[in-house]
Amino acid sequence: DCQYADIYLKRDISTQLIEKELSSLNTMGYQITQIEQVPLNLCSVEALAEYVSYEVKPVQLKGVLPEQLLTQVEDKVVNLRPFIKQIKEVGDDKIEIIIELSALRSIGIEQMLMKLPCLEVKSTSLLLKRKALLWQDSTGAFRQI
């Protein structure tokens with residue numbers, strides 16, 4: 001399973017040709033959903049990302065996020081609230097949440113979700129699907145990488 005892959009090419013070729021060449025992977029069970037060219041000086045697509053969007057189920061949104069969401073992370077108390085940028089219902093027992101990537105380096109997504117008082121978790125095993133890596137533009141809008 002792969003959320004994204006970085007591929008370095010030694011020569012400049014079009015995105016269409018890359019897509020055509022990689023289309024044979026579809027017959028091997030892989031699905032290519034999008035191809036983007038990024039500047040060569042970047043080490044990784046993930047290096048561009050500031051935020052990540054997850055689809056989570058089975059949970060229900062019950063209320064709003066509190067301004068303070070203190071939790072113990074290793075040997076210190078951390079307010080998780082500034083790291084959670086958006087949370088919304090997207091269907092029955094399903095939410096979409098946008099989280100700052102830096103927060104997930106110290107606390108896992110499942111651990112974070114279990115600590116949110118505005119969520120009613122319907123199962124001890126959450127189904128998580130990473131939907132997108134995002135960055136925030138100068139207007140505050142989230143843009144997919």
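More than 12 heavy atoms of other residues, nucleotides or ligands shown are found within 6.0 angstrom of CD on E120. Other residues, nucleotides and ligands contribute at most 12 non-hydrogen atoms within 6.0 Å of the NZ atom of K57. More than 12 non-hydrogen atoms from other residues, nucleotides or ligands lie less than 6.0 angstrom from CG of D137.
Residues that satisfy the salt bridge (Lys or Arg N to Asp or Glu O under 4.0 Å) test with K76, not counting sequence neighbours, are absent from this structure. Partners of Q60 under the side chain to side chain donor-acceptor pair (under 3.5 Å) rule, at least two apart in sequence or in another chain, are K62, D93, K122.
I87 and V90 fall into different hydrophobic clusters, where Ile, Leu, Val, Met, Phe, Trp and Tyr are joined by side-chain heavy atoms under 4.5 Å apart, directly or via other members. Follow the hydrophobic side-chain contacts under 4.5 Å out from I107 and you never reach L70; the two are in separate clusters. Residues I109 and L101 fall within the same hydrophobic cluster, defined by Ile, Leu, Val, Met, Phe, Trp and Tyr side chains chained together at heavy-atom separations under 4.5 Å.
Nearest heavy-atom pair across A103 and M112 is CB-CE, 3.9 Å. Residues L61 and K88 share a closest heavy-atom pair of CD2-CA, 4.2 Å.
Across L65, I95, V59, V64, a single residue satisfies side chain to side chain contact (heavy atoms under 4.5 Å, CB included) together with C118, and that is L65. Partner of L134 under the side chain to side chain contact (heavy atoms under 4.5 Å, CB included) criterion, out of I99, I145, I98: I98 alone. The side-chain hydrogen bond (donor to acceptor under 3.5 Å, both in side chains) test with S53 is passed by exactly one of K131, E96, K129: E96.
Counting only heavy atoms from C-beta outward, the side chains of F142 and K85 approach each other to under 4.5 Å. Considering only heavy atoms from C-beta on, L69 comes within 4.5 Å of P117 through its side chain. Contact check for M114 versus L126: side-chain heavy atoms found under the 4.5 Å cut-off. Side-chain atoms of L128 and E110, non-hydrogen and from C-beta on, do get closer than 4.5 Å to each other. Taking the side chain as every heavy atom from C-beta outward, I97 and L113 approach each other to under 4.5 Å. Using a 4.5 Å heavy-atom threshold, the side chains of Q68 and R81 count as separate. Using a 4.5 Å cut-off on side-chain heavy atoms (C-beta onward), L116 and I84 make contact.
In this structure, the side chain of Q16 does not engage the main chain of I18 through any donor-acceptor pair within 3.5 Å.
Side chains of Q136 and Y51: a donor on one and an acceptor on the other come within 3.5 Å.
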